[in-house]
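Okay, structure first, notes after.
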Amino acid sequence: MTPTSDLSTATVDVQDASIPALGFGTARMTGPDCRRAVERALEVGYRHVDTAQLYENERAVGEALGASDVDRDDVFVVTKIHRENAAYDDALESTRASLERLGLSTIDLLLLHAPSRHAPLEETVRAMNDLQAEGLVDHVGVSNFSVEQLESARDHSETPIVANQVKYHPYHHQDDLLEYCYQHGICLTAYSPLAEGAVAGDDRLRKIGEPYDKSAAQVALRWLLQQPTVAAIPKAATREHIEANAEVFDFELSVDEMAAVADVGDGLWDRVAAKLGLR
């Protein structure tokens, strides 16, 4: 992550992409509720919005983007091809439909939502590369891919695979994948970074945050964002939570505090921290 105290300028810079480190997730949000939440997030300063064909909320996200005073060029928009749309022609057609629903001419980052049982990965990646060549997509990546699957995607793609979006939070580590992404300059985007709200009641995380006047959730997000090449996309509906999730750039966890957060989970933090230059 590029060091900064500003939500709107903190980025993960990988290969030829600059991805805002803290994004706004929209899974399981639809209609007017989704639109209002995205509008609030943009007002607060988020400049990375994540959606997907699967979520059935691209139109609501697009309406929020269109209604915002924030310049389109300043917002990094991510959407995902449903794995049932992974066949070459379906990937092309569904992405064009996503653009129409979003009201955009270009998607900043297009991901394959998950490995598909319906089409070879090579076919999907070729479609994504062709969409890039047409200027409809700036960057491509994947989601829910293992190290082996990610390596395969990289082998098939003519352009960089810049991101892999996976579940990652203090209770659920991604040690091998994180090391691979760091080694190859790939952004690991953490979805469900607050463990679907579970971290909020964790007294261990709350105590770590006390000296900074920060909540357990803010500590969990800060832990993720201090890891190089990691972005996070927490979801929130109320302005209070949207703002609180963004207030994680005015403090820094120590080496020991980073290890203490990691200790609530299931990973091998000492090894990973050494590999990432965090020790």
Side-chain angles (χ1 to χ4, degrees), residues 11-21 23-26 47-55 57-59 61-62 65-66 71-116 118-166 177 180-181 183-189 191 229 231 233:
T11 59
V12 175
D13 299 315
V14 288
Q15 303 185 77
D16 60 345
S18 185
I19 302 172
F24 188 72
T26 64
R47 295 296 180 264
H48 172 176
V49 179
D50 181 87
T51 181
Q53 295 170 2
L54 177 65
Y55 302 162
N57 64 10
E58 289 173 317
R59 194 172 303 279
V61 169
L65 293 168
D71 191 283
R72 162 64 186 102
D73 291 341
D74 293 334
V75 185
F76 193 90
V77 180
V78 182
T79 195
K80 310 177 195 73
I81 297 172
H82 195 300
R83 64 180 180 180
E84 293 181 0
N85 293 330
Y88 180 83
D89 289 338
D90 292 339
L92 296 179
E93 182 179 352
S94 68
T95 301
R96 292 191 178 103
S98 289
L99 281 163
E100 184 176 350
R101 287 188 292 269
L102 288 163
L104 301 178
S105 59
T106 306
I107 293 166
D108 295 280
L109 174 59
L110 179 68
L111 308 178
L112 174 60
H113 206 141
S116 176
H118 301 275
L121 179 59
E122 180 178 3
E123 192 172 317
T124 315
V125 171
R126 179 164 60 89
M128 297 168 78
N129 289 163
D130 287 349
L131 288 162
Q132 284 180 287
E134 288 184 49
L136 301 180
V137 170
D138 283 341
H139 306 287
V140 297
V142 294
S143 181
N144 297 302
F145 271 44
S146 67
V147 169
E148 293 75 16
Q149 292 163 337
L150 180 54
E151 189 157 21
S152 180
R154 293 179 64 236
D155 288 342
H156 290 309
S157 184
E158 296 178 356
T159 63
I161 299 293
V162 303
N164 185 15
Q165 186 180 123
V166 296
L177 187 59
Y180 183 89
C181 288
Q183 180 182 0
H184 295 283
I186 298 168
C187 177
L188 189 154
T189 304
Y191 72 74
T229 73
I233 49 169

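Only heavy atoms go into these numbers, but all of them, side chains included; no hydrogens, no water, no symmetry mates.
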On a heavy-atom basis, the closest approach of Asp73 and Asp71 is N-OD1, 2.8 Å
Minimal heavy-atom distance between Pro160 and Gln15, with the atoms involved, is CB-OE1, 3.1 Å
With heavy-atom distances below 4.5 Å as the criterion, would you say the side chains of Thr95 and Leu136 are in contact? no
Would you say Lys80's side chain and Leu110's backbone share a donor-acceptor pair under 3.5 angstrom? no
Glu158 meets the side-chain contact (heavy atoms from CB on, under 4.5 Å) criterion, sequence neighbours left out, with Asn129
For the side chain of Glu123 and the backbone of Ala86, is there at least one donor-acceptor N/O pair under 3.5 Å apart? no
request  = Take Cys181 and Val14, measure what side chain to side chain contact (heavy atoms under 4.5 Å, CB included) needs, and give me the verdict at the end.
outcome  = CA-CA 10 Å; Cys181 288; Val14 288; over 6 Å; no
Residues at least two apart in sequence or cross-chain that pass side-chain contact (heavy atoms from CB on, under 4.5 Å) with Arg101, listed by chain then number, are Gln53, Glu58, Arg59, Ala97, Ser98
Shortest non-hydrogen pair, Phe145 vs Leu177, comes out as O-CD2, 3.7 Å
Minimal heavy-atom distance between Cys187 and Ile19, with the atoms involved, is CB-CD1, 3.8 Å
Contacts of Asp108 meeting side-chain contact (heavy atoms from CB on, under 4.5 Å) (sequence neighbours excluded), chain-then-number -> Arg72, Phe76, Val77, Asp138
Verdict with supporting geometry, Val75 and Phe24, side chain to side chain contact (heavy atoms under 4.5 Å, CB included):
CA-CA 11 Å; Val75 185; Phe24 188 72; over 6 Å; no
ask   = Do Leu99 and Leu104 touch side chain to side chain, with heavy atoms closer than 4.5 Å?
value = yes
Rounded to the nearest 0.5 Å, the CE atom of Met128 sits from the CD1 atom of Ile107 at a distance of 9.5 Å
Between Ser143 (side chain) and Gln165 (backbone), is there a donor-acceptor pair under 3.5 Å? yes
side-chain contact (heavy atoms from CB on, under 4.5 Å) filter on Glu84, not counting sequence neighbours, yields His82, His118
Interatomic distance, OH@Tyr88 vs CG@Asp130, rounded to 0.5 Å, equals 3.5 Å
Side chain to side chain contact (heavy atoms under 4.5 Å, CB included) between Arg83 and Asn144, worked out:
CA-CA 11 Å; Arg83 64 180 180 180; Asn144 297 302; over 6 Å; no
In terms of heavy-atom contacts, Gly135 and Thr106 come closest through O-OG1, 3.4 Å
For Ser18 and Asp13 the tightest heavy-atom approach is OG-OD1, 2.7 Å
Worksheet item: Distance-only, no hydrogens or angles: does the Ser157 side chain make a donor-acceptor pair with backbone N or O of Ala153 under 3.5 Å?
Response: no
> Looking only at atom types and distance, does a side-chain atom of His139 sit under 3.5 Å from a main-chain N or O of Ala17, one as donor and one as acceptor?
Replying inline: no
Tell me, with the steps shown, if Thr51 and Leu102 meet side chain to side chain contact (heavy atoms under 4.5 Å, CB included). CA-CA 10 Å; Thr51 181; Leu102 288 163; 4.2 Å; yes
Distance col, row His113:NE2 vs Thr124:OG1, nearest 0.5 angstrom, shows 14.0 Å
- request: With the side chain counted from C-beta on, respond yes when Val125 and Ser152 share a heavy-atom pair under 4.5 Å apart, and no when they do not.
  value: no
So OG1 of Thr79 and CG of Leu109: to nearest 0.5 Å the spacing works out to 9.5 Å
Ser116 meets the side-chain hydrogen bond (donor to acceptor under 3.5 Å, both in side chains) criterion, sequence neighbours left out, with none
- Quick one: are Asp16 and Thr159 in side-chain contact, heavy atoms under 4.5 Å? no
- Query: Hey, are the side chains of Gln149 and Leu121 touching, using non-hydrogen atoms and a 4.5 Å cut-off?
  - Reply: no
Taken in chain and number order and not counting sequence neighbours, the residues that satisfy side-chain hydrogen bond (donor to acceptor under 3.5 Å, both in side chains) with Glu122 are none
*More than 12 heavy atoms of other groups within 6.0 Å of Glu100 CD*: no
Fill in: Expected output: side-chain Asn57 to main-chain Thr26 donor-acceptor under 3.5 Å
yes
